[in-house]
Novice: 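Structure provided below as structure tokens; questions to follow.
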Amino acid sequence: MTESPTFGATNFIREAIAEDLAAGRFNRVQTRFPPEPNGYLHIGHAKAIVIDFGTAEAFNGICSLRYDDTNPVKEDVEFVDAIKEDIHWLGFDWQDREFYASDYFDRLYAFALQMIRMGKAYVDDLSADEIREYRGTLTEPGKESPYRSRGVAENLDLFERMRAGEFPDGARTLRAKIDMTSGNINLRDPVMYRILHARHHRTGDRWCIYPMYDFAHGQSDSIEGVTHSLCDLAYEDHRPLYDWFLDQLGIFHPRQIEFARLNLTYTILSKRYLKQMVDSGLVSGWDDPRMPTLRGMRRRGYTARAVRNFIETVGVAKKENLIEISLLEHLVREDLNKVALRVLGVLDPVKVILDNYPEGKVEVLEAINNPEDPSAGTRDLPFARELYIDQDDFREEPPPKYFRLAPGREVRLRYGYIIQCQSFVKDERTGRVTEIHCTYDPETRGGYAPDGRKVQGTIHWVSAAHAIDAEVRLYDRLFTLEDPREVNEGKTFLDYLNPDSLKVLPNCKLEPGLRDAAPGGHYQFERKGFFAVDWESTPEHPIFNQTVPLRDSWAKIEGAKNK
RNA sequence: UGGGGCAUGGUGCAACGGCAGCACACCAGACUUUGGAUCUGUGGAUCUUGGUUCGAAUCCAGGUGCCCCAGCCA
């Protein structure tokens with residue numbers, strides 16, 4: 001066993017673990033990722049996953065998957081399957097260690113009995129409202145329940161009858177007997193068990209009492225032999241209780257360490273809010289490419305490698321943070337730049353006619369698949385008299401520093417010829433240019449000018465006769481507020497939805513080879529951005545999702561001028 | 001006089017008593033058959049006050065600010 005991390009950067013958690021090892025407190029490292037199967041995983045969970053699995057790996061230890069399934073009314077197998085799939089997609093594996101808190105219900109029940117016998121737990125008849133009243137407030141101590149002093153025998157009898165189903169939901173609870181005056185509210189006789197006549201996705205109708213998180217988590221960790229239980233800052237206040245149960249029970253005592261959760265600009269990472277958007281139809285589902293869920297990001301075209309790099313780069317600390325989404329986008333580009341095949345695609349087509357190019361003639365031009373990776377090879381591109389280019393690449397009146405096509409101007413067609421604009425046709429009603437007439441220079445095949453003349457601009461194109469039709473979906477941030485948690489008085493996060501988060505372009509023209517692009521595939525549309533083939537894409541109706549646009553310095557120049 | 005936690009460029013993370021560094025963002029330039037990529041460069045930070053020390057982001061004391069906790073959710 002090594003005493004210092006061998007994988008990834010160090011952080012305060014790894015330092016603490018290294019100290020534990022050095023001090024002999026533990027002689028191995030075991031962690032766990034403990035999701036509740038009540039929703040889909042998002043990028044915030046990815047942080048927890050990378051920390052849990054990555055920390056174990058750094059110390060040559062192991063990490064398990066354990067579902068925290070102690071609340072049957074919120075949980076479902078749909079989610080347990082989806083969660084496993086998403087963790088695997090991220091690239092982590094728990095081998096045969098797929099655990100469930102519900103597997104420990106018998107042992108947890110026995111622990112509860114033990115607590116009662118020790119006089120450390122009692123059955124309370126107070127209602128939920130009364131318990132809240134007795135709990136006191138943040139600044140005032142609580143008071144003890146009149147049922148707190150029940151004898152062991154009576155508690156045993158009542159608890160057994162709770163388990164047997166004699167009482168309705170909410171009629172009684174099992175509570176730990178700790179300290180109703182504690183400054184830490186979690187220690188004011190926390191509820192250990194509640195009555196819930198609900199069917200559990202794994203244990204069915206076997207139980208009608210279920211343990212609370214605080215009475216299940218630490219003991220589950222202990223049973224599994226977890227050494228380091230890494231969790232959210234939210235559980236910091238629960239650590240004394242985590243420790244207390246373990247100490248009372250006298251069982252193996254893991255160490256809980258808390259870290260700050262991830263927050264992302266222009267993004268909401270709350271299962272409840274995400275669910276609200278799904279349920280109200282604001283997005284198409286949990287896998288909508290605009291969603292910060294792992295499935296949404298995957299569908300959008302983000303790679304697991306980029307997501308992992310992002311989590312590594314962001315680091316681990318106890319400070320509340322708000323990470324700029326641009327960092328994630330940078331890492332997505334960095335990864336895709338190395339692997340995505342380059343293609344030519346016209347998103348907003350306008351026809352270009354090469355008046356001096358022979359009618360019916362078709363040439364085959366060679367194009368490089370990925371300049372960052374010579375082994376990706378080349379492909380053939382058909383070239384003909386009629387082409388499409390993007391509306392954006394033509395200006396009737398070109399502004400300064402605009403290097404693309406304009407009346408009288410020359411531009412290079414990528415891998416093709418240098419062409420010059422002679423005239424254009426405009427629909428006076430809409431103001432839209434419908435046709436551009438150009439001449440091509442036959443001496444410049446491949447884009448090279450033998451006379452050495454400089455041509456500043458290079459634009460992408462497709463052959464009109466050969467191009468395939470496709471639908472392209474452009475995405476932008478879901479919210480207009482940098483931190484959607486910080487809304488103004490009387491507003492909710494829904495008041496800050498970005499109305500332009502999705503733009504569907506139904507009439508795009510792409511190079512012919514893209515007809516058989518496999519769903520999930522990554523491409524770079526040159527000069528435009530990275531795109532992924534949507535899961536619902538077919539050869540008859542290809543659909544591409546914009547993963548992230550390329551950095552566009554011209555857009556920056558123009559944007560700055562328009563201010 | 002509730003309890004717990006956190007303060008380093010715009011953002012995030014380092015520096016563990018010895019020249020405050022890295023990434024992203026930003027700005028400027030070079031290069032360019034993707035206005036992509038790549039390369040170079042500029043600017044910008046230790047919450048505050050006092051103390052210890054030859055020397056403090058780091059140690060000590062006080063102050064200030066921000067976050068979390070009053071589910072029979074996790």
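Both backbone and side-chain heavy atoms feed into the values below; hydrogens, waters and symmetry mates do not. Reminder, nothing fancy here: chain letters follow the sequence lines and each chain counts from 1.
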Novice: How far, in whole Å, is B:A56 from B:C6 if one measures between their P atoms?
Specialist: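 One P to the other, the span is 24 Å.
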
Novice: Ignoring backbone atoms, test whether A:Thr70 places a side-chain nitrogen or oxygen under 4.0 Å from the OP1 or OP2 oxygen of B:A74.
Specialist: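 Yes.
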
Novice: Mind checking A:Tyr235 for me? I need base, sugar-phosphate or nothing, with any heavy atom below 4.0 Å counting as a touch.
Specialist: base

Novice: List the residues meeting ring-ring contact (aromatic ring centres under 6.0 Å, His included) with A:Phe403, not counting sequence neighbours, and say none if there are none.
Specialist: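 Not a single residue meets the ring-ring contact (aromatic ring centres under 6.0 Å, His included) criterion with A:Phe403.
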
Novice: Answer yes if the side chains of A:Asn263 and A:Arg485 hold a donor-acceptor pair under 3.5 Å, and no otherwise.
Specialist: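 Present: a donor and an acceptor within the cut-off.
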
Novice: Check ring-ring contact (aromatic ring centres under 6.0 Å, His included) between A:Tyr122 and all other residues, then give those that pass, not counting sequence neighbours.
Specialist: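 Not a single residue meets the ring-ring contact (aromatic ring centres under 6.0 Å, His included) criterion with A:Tyr122.
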
Novice: Could you tell me if the side chain of A:Met115 sits less than 4.5 Å from the side chain of A:Lys120, heavy atoms only?
Specialist: yes

Novice: Choose from B:G3, B:G35, B:G71 the nucleotide whose nearest atom is closest to any side-chain atom of A:Lys401.
Specialist: B:G35

Novice: With a 4.0 Å cut-off on heavy atoms, is A:Tyr448 in touch with a base, just the backbone sugar-phosphate, or nothing at all?
Specialist: base

Novice: Protein within reach of the bases, or only the backbone? For nucleotides 7-14 of chain B, mark each nucleotide 5' to 3' as B, S or -, using heavy atoms under 4.0 Å.
Specialist: -S-BSSSS

Novice: Write out a two-atom table: protein N or O, nucleotide N or O from nucleotides 39-47 of chain B, distance below 3.5 Å.
Specialist:
none

Novice: Nearest whole angstrom, please: distance from the C1' of B:G2 to the CG of A:Asp179.
Specialist: 12 Å

Novice: Taking atom P in both B:C59 and B:A14, compute the distance separating them and give it to the nearest angstrom.
Specialist: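 Here B:C59 and B:A14 have their P atoms 15 Å from each other.
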
Novice: As a test of reading the structure: which of B:G5, B:U34, B:C72 is closest to the side chain of A:Met212, going by heavy atoms?
Specialist: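 Out of B:G5, B:U34, B:C72, the nucleotide with an atom closest to A:Met212's side chain is B:C72.
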
Novice: Looking at A:Arg239 and A:Asp214, does any basic side-chain N land under 4.0 Å from a carboxylate oxygen?
Specialist: no

Novice: Just to confirm, is there a sub-4.0 Å distance from OP1 or OP2 of B:A70 to any side-chain nitrogen or oxygen of A:Arg188?
Specialist: no

Novice: Rounded to the nearest angstrom, tell me the gap between atom CD1 in A:Ile195 and atom P in B:C72.
Specialist: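 The answer, rounded to whole Å, is 14 Å.
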
Novice: Output the rounded distance in Å from CD (A:Glu526) to P (B:G35).
Specialist: 9 Å

Novice: Which salt bridge (charged side-chain N to carboxylate O under 4.0 Å, His left out) pairs, counting each pair once, include a residue from residues 168-196 of chain A, with sequence neighbours left out?
Specialist: A:Asp124-A:Arg175, A:Asp125-A:Arg172, A:Arg148-A:Asp189

Novice: Can you tell me which residue pairs pass the salt bridge (charged side-chain N to carboxylate O under 4.0 Å, His left out) test with a partner in residues 316-331 of chain A, sequence neighbours excluded?
Specialist: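 Pairs touching residues 316-331 of chain A that pass the test: A:Glu236-A:Lys318, A:Glu258-A:Lys318.
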
Novice: Which part of the nucleic acid, if any, lies within contact of A:His238, taking any heavy atom under 4.0 Å across all strands shown: a base, the sugar-phosphate backbone alone, or nothing?
Specialist: base

Novice: For A:Tyr402, which residues count as a ring-ring contact (aromatic ring centres under 6.0 Å, His included) partner, sequence neighbours excluded?
Specialist: A:Trp554

Novice: Just to confirm, is there a sub-4.0 Å distance from OP1 or OP2 of B:G36 to any side-chain nitrogen or oxygen of A:Ser553?
Specialist: yes

Novice: Are OP1 or OP2 of B:G35 and a side-chain N or O of A:Arg527 less than 4.0 angstrom apart?
Specialist: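 Result: yes.
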
Novice: Do other residues, nucleotides or ligands put more than 12 heavy atoms under 6.0 Å from the CZ atom of A:Arg453?
Specialist: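 Yes, CZ of A:Arg453 has more than 12 neighbouring heavy atoms, counting only those of other groups under 6.0 Å.
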
Novice: Are the charged groups of A:Glu334 and A:Arg551 less than 4.0 angstrom apart, N to O?
Specialist: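 Salt bridge absent between A:Glu334 and A:Arg551.
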
Novice: Please pick, from B:G5, B:A70, B:C24, the nucleotide with the shortest atom-to-atom distance to any side-chain atom of A:Leu138.
Specialist: B:A70

Novice: Nearest heavy atom decides the nucleotide; on that basis, is A:Tyr415 or A:Arg551 closer to the 5' end of RNA chain B?
Specialist: A:Tyr415

Novice: I want to confirm an ordering. Mapping A:Asp125 and A:Asp552 to their closest nucleotides on RNA chain B, which one lands closer to the 5' end?
Specialist: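 Result of the comparison: A:Asp552.
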
Novice: Looking at every strand, decide which applies to A:Leu264 at a 4.0 Å heavy-atom threshold: base, sugar-phosphate, or nothing.
Specialist: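 A:Leu264: no heavy atom of the nucleic acid under 4.0 Å.
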
Novice: Using the C1' atoms only, state how far B:A30 lies from B:C22, rounded to an integer number of Å.
Specialist: 24 Å

Novice: Base, sugar-phosphate or nothing for A:Phe215? Non-hydrogen atoms, less than 4.0 Å.
Specialist: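 Touches nothing.
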
Novice: For nucleotides B:C39 and B:A23, find the distance between their P atoms and express it as a whole number of Å.
Specialist: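 Roughly 10 Å separates the two P atoms.
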
Novice: Among all residues two or more places apart in sequence or in another chain, which pass the ring-ring contact (aromatic ring centres under 6.0 Å, His included) test with A:Tyr448?
Specialist: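 With sequence neighbours excluded, A:Tyr448 shows a ring-ring contact (aromatic ring centres under 6.0 Å, His included) to no residue whatsoever.
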
Novice: Just call it for A:Thr173: base, sugar-phosphate, or nothing, with non-hydrogen atoms closer than 4.0 Å on any strand.
Specialist: base

Novice: With sequence neighbours left out, write down each residue that passes side-chain contact (heavy atoms from CB on, under 4.5 Å) with A:Pro450, or none if nothing qualifies.
Specialist: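 Residues passing side-chain contact (heavy atoms from CB on, under 4.5 Å) with A:Pro450: A:Glu443, A:Thr444.
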
Novice: Which parts of residues 327-338 of chain A get close to RNA chain B, meaning a heavy atom less than 4.0 angstrom away?
Specialist: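 RNA chain B contact set from residues 327-338 of chain A: A:Leu327, A:His330, A:Asn337.
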
Novice: Starting from P on B:A74, measure out to NE2 on A:His201 and report it in whole angstrom.
Specialist: 12 Å

Novice: Could you verify whether a donor N or O on one side chain and an acceptor N or O on the other, from A:Ser127 and A:Asp129, lie under 3.5 Å apart?
Specialist: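 No pair is found: no donor N or O on one side chain lies under 3.5 Å from an acceptor on the other.
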
Novice: For B:G71, does either OP1 or OP2 sit under 4.0 Å from a side-chain N or O belonging to A:Arg135?
Specialist: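 For A:Arg135, the contact criterion (side-chain N or O under 4.0 Å from OP1 or OP2 of B:G71) is met.
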
Novice: Could you work out which one of B:C72, B:U34, B:C69 sits closest to the side chain of A:Ala128?
Specialist: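 Ranking B:C72, B:U34, B:C69 by closest atom to the A:Ala128 side chain puts B:C72 first.
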
Novice: Take atom C1' in B:C24 and the same atom in B:U58, then report the distance between them in whole Å.
Specialist: 26 Å

Novice: Just call it for A:Thr458: base, sugar-phosphate, or nothing, with non-hydrogen atoms closer than 4.0 Å on any strand.
Specialist: sugar-phosphate

Novice: For nucleotides B:U32 and B:G10, find the distance between their C1' atoms and express it as a whole number of Å.
Specialist: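 Looking at atom C1' only, B:U32 and B:G10 are 30 Å apart.
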
Novice: Would a 4.5 Å heavy-atom cut-off, applied to side chains only, mark A:Tyr100 and A:Arg66 as touching?
Specialist: no

Novice: Quick one: is A:Arg194 getting a side-chain N or O under 4.0 Å of the B:C73 phosphate, OP1 or OP2?
Specialist: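 Checking B:C73 against A:Arg194, a side-chain N or O does come within under 4.0 Å of OP1 or OP2.
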
Novice: Could you check whether A:Glu140 gets within reach of a base, just the sugar-phosphate, or nothing at all, counting any heavy atom under 4.0 Å?
Specialist: nothing

Novice: Does A:Lys143 come within less than 4.0 Å of A:Glu133, counting only side-chain N to carboxylate O?
Specialist: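 No, this pair does not count.
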
Novice: Taking only residues at least two apart or on different chains, which pairs with a member in residues 35-52 of chain A satisfy side-chain hydrogen bond (donor to acceptor under 3.5 Å, both in side chains)?
Specialist: A:Glu36-A:Asn38, A:Asn38-A:Lys271, A:Tyr40-A:Glu78

Novice: In this structure, which stretches of RNA chain B are paired as stems of three or more consecutive Watson-Crick or G-U pairs, both distances less than 3.5 Å?
Specialist: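 RNA chain B forms these stems: B:2-7 with B:64-69, B:10-13 with B:21-24, B:27-30 with B:38-41, B:47-51 with B:59-63.
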
Novice: Salt bridge or not between A:Asp20 and A:Arg255? Use side-chain N to carboxylate O under 4.0 Å.
Specialist: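 Salt bridge: yes.
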
Novice: Using a cut-off of 4.0 Å on non-hydrogen atoms, how would the nucleic acid contact of A:Pro141 be classed: base, sugar-phosphate, or nothing?
Specialist: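 The answer is nothing, as A:Pro141 stays clear of every strand by at least 4.0 Å.
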
Novice: Just label B:G71 as syn or anti from its O4'-C1'-N9-C4 or O4'-C1'-N1-C2 angle, using within 90° of 0 for syn.
Specialist: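 What B:G71 shows is a syn base, its glycosidic angle lying within 90° of 0.
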
Novice: Atom CG of A:Asp68 and atom P of B:A74: how far apart are they, to the nearest Å?
Specialist: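 Rounding to the nearest Å, CG of A:Asp68 and P of B:A74 are 8 Å apart.
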
Novice: What I want to check is whether an N or O donor and acceptor connect the side chain of A:Glu558 with the base of B:G35 at under 3.5 Å.
Specialist: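 No, the side chain and the base share no sub-3.5 Å donor-acceptor pair.
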
Novice: What contact category does A:Glu236 fall into here, base, sugar-phosphate, or nothing, at under 4.0 angstrom with non-hydrogen atoms?
Specialist: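 Answer is sugar-phosphate: A:Glu236 comes under 4.0 Å of backbone atoms only.
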
Novice: Ring centres under 6.0 Å, that's the criterion: do A:His217 and A:Tyr213 meet it?
Specialist: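 Between A:Tyr213 and A:His217, which both carry aromatic rings, the centre distance is below 6.0 Å.
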
